[in-house]
Amino acid sequence: MVELPDKSASFVEWYLAVVEAANLSDKRYGVKGMNVWTPYGLKARRNLDRVLVREIEATGSEAVEFPALIPATEFAKEKEHIKGFDAQVFWVTRGGLSELDVPLVLRPTSETAIYPIFALWVRSHRDLPLNVYQIVNTFRYETKTTRPFVRVREIHFFEEHTCQADEARATERVASNLEAFRRMAAAFALPYIAVRRPEWDKFAGAHYSIAFDLPLAGARTLQVGSVHHYRDNFAVPYGIRYEAPDGSVRVVHQTTFGLSERLLGAIVGVHGDAKGVVFPTEAAPYEVVVVPVTTAAAAEKVGAAAQHVAETLKAAGRRVVLDAGEERPGAKYYRWELAGVPLRIEVGARELETDRWTSVDRLGRKEPVGRATLAADVAARLVAFDRELARRAEAALAASFAPAATLADLHGSRQVRLVGWCGAEACGHAIEQAIDGALLGTPEGPLPFPVVAPASCVACGKTLGVRLAIAGQPM
RNA sequence: GGGACUGUGGGGUAGCUUGGUCCAUCCUUCGGGGUUCGGGACUCCGAGACGCCAGUUCAAAUCUGGCCAGUCCCA
C-alpha cells in the first residue's frame, strides 16, 4: 500500500514519492544524479522520443550521432561557451595507465563536438540549410541536489543543431522549432509559456535563448527545453563557412533546440495527482489496462473475454496490458492508477450479459464501450481523456500566474508573477532577489491566458520601454 | 560553493543516548499452499537488512574518523 504526500502542500516530496512508487526510475545506483531507467520508465521515455522524432523530422531534420568525448582544444574555442560550462564538465584525463596529452571532455552539450565537423560538411550554399539532431546522453557535473528527470548528471538529451545561410533564416528556424515544440507539448497535453531569457541567463554562447517554462507548484517553474539563436558566434571560431551563389565566402548562422527527460518530469509534475502518475495517451507505456473481474462461477468465460478484449485492442495498434494476476480487482485498480494508465477496461460477469464493457479513465470517468465497436470507442475515449487532461492543465497553468505591482508583492509569492520590467539588468536582479528566484524573461508570443500590460517597471518605476516579464522560482 | 541532518531486508520503521539483552522489532513486499474475487481480502508456511572502508574494544547496528549516497537549508 502506498501513501503519497500531499501534492499541493509538499510538491517535491510528492514528486519523489510518485516517481519511486510508480517505478519510473531507480535512484539506488550509487552515483549522484545517475539513475537507472526501469522497464516502465523507459517505455514512457521512448514514447516521448518517438513524438520528438516525429515532429522534428517533419521539419526536415535528420538524425546523426556524434561521439561523447570532445578534445579540450575544441571545447575551448568559443570563449563564452567554455566560461558557461567549464565548472560543470566531467573530464577524461587518462587512457589506461597513461595520462592523455589532450584531455577529453565528456560532452555537457554537443556544440563543440559537432561544429568542427560542420565546418567540413558545409562548403556551398547548396549544403544549406543543414538541420540535424541527435538523441544522446550528455553529462554535467551538477553540484546541487539532483532529482530524477529534473536535475541529473547523465542527461538523456535531444539536441538539434542547424546551420542557415544568414541571420534571418536562422530566425526562421527558431520559429519553426517553436512551432515544433508547440506540437510536441500538445501531444502530451502540456501547456507552457515560451520566454525569451534575459541577457545574463541565456545559453553560454548564444545570441538569444527562448525557453519553455511550465509552472509546477507555487512560484516554482520547470524549464523543459529551449531554442537558441547563435548568430555566427560559433560559426566564426569553428570556421563554418560556405560559398554563396555570387562567389563570396560567408559564415553560417546557427540555431539549436534542446529537450531532455525533464519532459517526463513535467508530465509527472503537471498531470500527476493524489493517486499517482497520470500519463497522457501518447506518453503512456500502456494506453489501456484490461482487468478481468473473475468469480468462481465465471472464471473461464471472463478470462477468455478479457484476453479477447486485449487482443482486439492490440490488433488495433493499442499499447495494452492484460492484468490477469491473482490480486483482487480493487488492488489492481489502485496499482494501475498509480502507474498512470489512461484507460481501464473492466471485464466481468456483469458485462458478459450485455454488449458492452465498462471503461474508466484515469480521471475517474466511467463509461461503457461497445463490444462490437471496441477499438473505435476506446480511441474516442482516449481522445476525450487527453482533451480533458489538457483542459485541466491549462486551467491550472492560468491559475498559477498572477500580476505583481510592487517588489513587496514578490516576497514569498505562491504564484509565478507577471511584472513590468524596464529591461535594465539591475532592475532584473532586484526582481530576482524579491521573488527569491529568477527573472525568467519576456514572453515570446502571446501568453495562453489574458494579461494586462504593465504600466511601469516594478523595480524602478520607470514607464519608458516597459515590457511584461515573468518572475518565478526555477526548480 | 557553504552548512545541517540522515543511512537497519525490495520499501517504510523500532533499536543507537548508556557497546553485550539483537543469529535484531513491527508494517509492507517477495516465494509457496488453501479459501476468495465488482475499489487496497483472509489464513498457514517460508525468504529477506545494520551504506562502504578504517579505528577504538574482550565485544560495535550502537562510539570515532574518512569516503559514498540521500534529504533539507543558505550563497
Side-chain angles (χ1 to χ4, degrees), chain A residues 1-5 9-36 38-41 84-89 140-154 200 218 220 273-276 289-303 305-306 309 322-339 341 343-354 356-369 412 429 432-438 473-475:
Chain A
M1 210 179 304
V2 182
E3 293 294 336
L4 298 175
S10 41
F11 178 81
V12 172
E13 272 180 64
W14 170 87
Y15 176 83
L16 294 170
V18 167
V19 168
E20 184 173 324
N23 200 219
L24 293 172
S25 176
D26 197 324
K27 66 176 179 186
R28 295 171 300 183
Y29 182 67
V31 178
K32 180 181 166 75
M34 296 192 181
N35 302 324
V36 176
T38 60
Y40 194 66
F85 278 101
D86 205 19
Q88 43 177 322
V89 294
R140 295 183 189 174
Y141 184 76
E142 185 62 63
T143 54
K144 291 180 186 170
T145 303
T146 54
R147 299 188 196 298
F149 311 138
V150 168
R151 194 178 302 121
V152 289
R153 282 174 156 185
E154 181 171 7
W200 62 89
R220 271 181 202 280
D273 63 17
K275 290 180 166 182
V289 56
V290 179
V291 178
V293 182
T294 16
T295 53
E300 214 160 290
K301 269 188 179 171
V302 165
V309 167
L322 169 65
D323 189 352
E326 302 278 309
E327 284 171 304
R328 293 156 74 94
K332 293 179 185 176
Y333 300 163
Y334 277 98
R335 202 154 41 73
W336 291 110
E337 281 164 359
L338 175 62
V341 178
L343 192 69
R344 173 175 83 233
I345 297 182
E346 302 172 10
V347 175
R350 209 182 280 165
E351 285 83 2
L352 279 174
E353 287 163 16
T354 71
R356 301 162 153 199
W357 309 115
T358 300
S359 79
V360 181
D361 75 14
R362 182 57 181 76
L363 297 171
R365 302 182 304 172
K366 186 182 274 200
E367 260 180 50
V369 286
H429 291 315
E432 297 191 325
Q433 200 167 9
I435 198 162
D436 190 24
Q473 297 171 328
M475 184 168 174

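Because the structure is a prediction, the values reported are computed rather than measured. Letters A, B, ... mirror the listed sequences (proteins, then strands); counts begin at 1.
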Check your understanding: With no angle test and no hydrogens, is the base of B:G39 tied to the side chain of A:Glu346 by a donor-acceptor pair under 3.5 Å?
Key -> no
Once you round it to whole Å, what is the distance between [atom2] of [N] and [atom1] of [X]?
X: A:Glu327; N: B:C42; atom1: CD; atom2: P; value: 13 Å
X: A:Asp323; N: B:G40; atom1: CG; atom2: C1'; value: 13 Å
X: A:Trp357; N: B:G38; atom1: CH2; atom2: P; value: 18 Å
X: A:Lys275; N: B:G40; atom1: NZ; atom2: P; value: 12 Å
X: A:Leu4; N: B:G11; atom1: CG; atom2: P; value: 17 Å
X: A:Ile345; N: B:G38; atom1: CD1; atom2: C1'; value: 16 Å
X: A:Tyr141; N: B:G1; atom1: OH; atom2: C1'; value: 11 Å

Distance between the [atom1] atoms of [N] and [M], in whole angstroms?
N: B:U6; M: B:C42; atom1: P; result: 36 Å
N: B:U56; M: B:U62; atom1: P; result: 15 Å
N: B:C22; M: B:U8; atom1: C1'; result: 12 Å
N: B:U25; M: B:G33; atom1: C1'; result: 27 Å
N: B:U21; M: B:A61; atom1: P; result: 9 Å

Which pair of non-hydrogen atoms, one from [X] and one from [Y], has the smallest distance, and what is that distance?
X: A:Thr145; Y: A:Lys32; value: CA-NZ, 4.1 Å
X: A:Trp357; Y: A:Val347; value: CZ3-CG1, 3.4 Å
X: A:Gly33; Y: A:Val152; value: O-CB, 3.5 Å
X: A:Asn23; Y: A:Tyr40; value: O-CB, 3.7 Å

So if I take every side-chain heavy atom of [X] and compare against [options], which nucleotide ends up nearest?
X: A:Ala331; options: B:G38, B:G39, B:G40; answer: B:G40
X: A:Arg350; options: B:G11, B:G39, B:G38; answer: B:G38
X: A:Thr294; options: B:G1, B:G39, B:C37; answer: B:C37
X: A:Tyr334; options: B:G10, B:G39, B:G38; answer: B:G39

Check your understanding: Which nucleotides of nucleotides 68-75 of chain B have their base under 4.0 Å from a protein heavy atom (B), which only their sugar-phosphate (S), and which neither (-), written as one string 5' to 3'?
Key -> SSSSB---
Check your understanding: Within the structure shown, what part of the strands sits under 4.0 Å from A:Gln433 by heavy-atom distance: base, sugar-phosphate, or nothing?
Key -> nothing
Check your understanding: A:Ala21 near the nucleic acid: base, sugar-phosphate alone, or nothing, with a heavy-atom cut-off under 4.0 Å?
Key -> nothing
Study note, to complete from the structure: Residue pair A:Arg335/A:Ala87 against RNA chain B: nearer the 5' end by closest nucleotide is A:Ala87
Practice item. Between A:Arg28 and A:Glu351, just flag the one whose closest nucleotide in RNA chain B comes earlier from the 5' side. Key: A:Arg28
Review point. Closer than 4.0 Å, any side-chain N/O of A:Arg328 to the OP1 or OP2 of B:A41?
Key: yes
**Study point:** Identity of whatever pairs with B:G31 - Watson-Crick or G-U, under 3.5 angstrom
**Key:** B:C45
Point to revise | Neighbour count above 12 (heavy atom, 6.0 Å) for A:Tyr141 OH | key: no
Check your understanding: Does a sphere of radius 6.0 Å around CZ in A:Arg356 hold more than 12 heavy atoms from other residues, nucleotides or ligands, not counting ones at 6.0 Å or beyond?
Key -> no
